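Remember, predicted model here, so these are calculated numbers, not experimental data. Proteins come first, then strands; the chains are lettered A, B, ... in the order of their sequence lines, and each starts at number 1.
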Amino acid sequence: VIRVAAVGDLHAGLDTRGTLRPAFRTLPECADVLLLAGDLTRVGSDQELRVLLDELDGVPVPCAAVLGNHDYESDRAPLLTDLLCDAGVHVLEGSSAVFDVGGVTLGVAGTKGFGGGFVDACGSEFGEPEMKAFVGHTRRLAGELFRALSELRTDLRVALLHFAPVPDTLGAERPEIYPFLGSYLLGEAVDHAGADLVIHGHAHHGLEHGVTPGGIAVRNVALPVIDQAFKLYALPVEH
Amino acid sequence: VPEQATSKSIAGSVDLEPAGYCTCVQGPPDDRDAAEPVEYVVARIKDVLAHDGRVAALDVDVHVADNTVVLEGSVPTEERRRACTELVHTVLPDCTVENRLVVVHADAPSTIEDVT
């Protein structure tokens, strides 16, 4: 098996310094890869990100991440991406990373994703340019996720998102805000490309477990949902 | 607080401080006069919680009834939990804040799930 550790919505800030490091230090014994499902920071400042990177410093586990909406708040997403890359974190946005774990390959394709809602209750690219831009942004990101996943030729594939691909994992979130929490377009991209697991965050009042209409396991690892530093998933390798 | 404010979470109206008119509530400040519908008060509180850099929380549940504001949800630290109470008082200085926010745990997991 490959052991995947995953968490999202850490919302690091100067006040979180030291809170995650004890748990992260256990990662080498329990996980082969760490996936960060966006909202790494509180308002997207580089100072906040450096707090998180300090928590991860010296933890010898490969890591991939997507950004979340909070990481865009200060309009410094490119700087955050550079800082993450400098720290050895694979930042995914319509792209992928491949990890070799004892001869078994794990491919992770990622995007932040965006909103729009779910089938029968979703926005359409119709009418005002703002509405077309909103849904069109999600459609473009979903298309890039599909391409990145499809191109992977690895033993296992994981889709890493911030926004939700299915309503299953939205749990106690109010249905009125579902269109701001995710989009069926993301789930559709994963189902069409294929994957062994989908990881996302963003929905703090959601549920951990869900499944795409095509039967792929979905896990919402937003910190308030899992209420621990990360979750562990064992993916079996079929030969 | 006017008497029409009830125990329902969204009902009645609340006197607001003249200063700090919230950009999330449209309309000229002069029209607010003495009382603001509770719906807009909730919106103002949520707006402050979202845009104050100490908290930046979009997911705090806010309920206003009579002169009490109830906060529910979770935050990463005790500092942010306390800051939420302070921010509510910037909107309603004389209200009672019932802060039910919990601080999330950050322990390492003791189990691993087999995903099949």
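When all heavy atoms are compared, the tightest approach of B:Glu113 to A:His209 is OE1-NE2, 3.1 Å. Listed here is the closest heavy atom pair of A:Leu20 and B:Ala106: CD2-CB, 3.9 Å. Residues A:Ala23 and B:Ala108 share a closest heavy-atom pair of CB-N, 3.7 Å. When all heavy atoms of A:Pro236 and B:Val115 are compared, the closest pair comes out as CD-O, 3.0 Å.
No part of A:Pro22 comes within reach of chain B, as not one of its non-hydrogen atoms sits under 4.5 angstrom from that chain. A:Ala12 touches chain B through its backbone: at least one of N, CA, C or O sits under 4.5 Å from a heavy atom, while the side chain does not. The contact between B:Val55 and chain A is made entirely by backbone atoms, counting heavy-atom distances below 4.5 Å. Looking at A:Thr16, both its backbone and its side chain come within 4.5 Å of chain B, counting heavy atoms on both sides. Residue A:Glu29: no heavy atom, backbone or side chain, is found under 4.5 Å from chain B.
Note: A:Gln228 leads A:Gln228, A:His70, A:Glu73 in heavy-atom pairs under 4.5 Å with chain B. Between chain B and the options A:Lys231, A:Arg25, A:Glu48, A:His205, the largest number of non-hydrogen pairs under 4.5 Å is found for A:His205. Listed options B:Arg54, B:Glu78, B:Arg80 were ranked by heavy-atom pairs under 4.5 angstrom with chain A; first place goes to B:Arg80.
For the salt bridge (Lys or Arg N to Asp or Glu O under 4.0 Å) condition, the pairs that include at least one residue of residues 159-178 of chain A, sequence neighbours left out, are A:Arg174-A:Glu176.
Within the 4.5 Å cutoff, no side-chain heavy atoms of A:Leu14 are placed close to those of B:Glu79.
Within the model, atoms NE2 of A:His202 and CG of B:Asp59 stand 10.0 Å from one another, a figure rounded to the nearest 0.5 Å. Within the model, atoms CG of B:Asp107 and CZ of A:Phe230 stand 10.0 Å from one another, a figure rounded to the nearest 0.5 Å. Atom OG1 of B:Thr116 is separated from atom CG of A:Asp196 by 11.0 Å, given to the nearest 0.5 angstrom.
Between the side chain of B:His105 and the backbone N or O of A:Ala229 there is no donor-acceptor pair closer than 3.5 Å.
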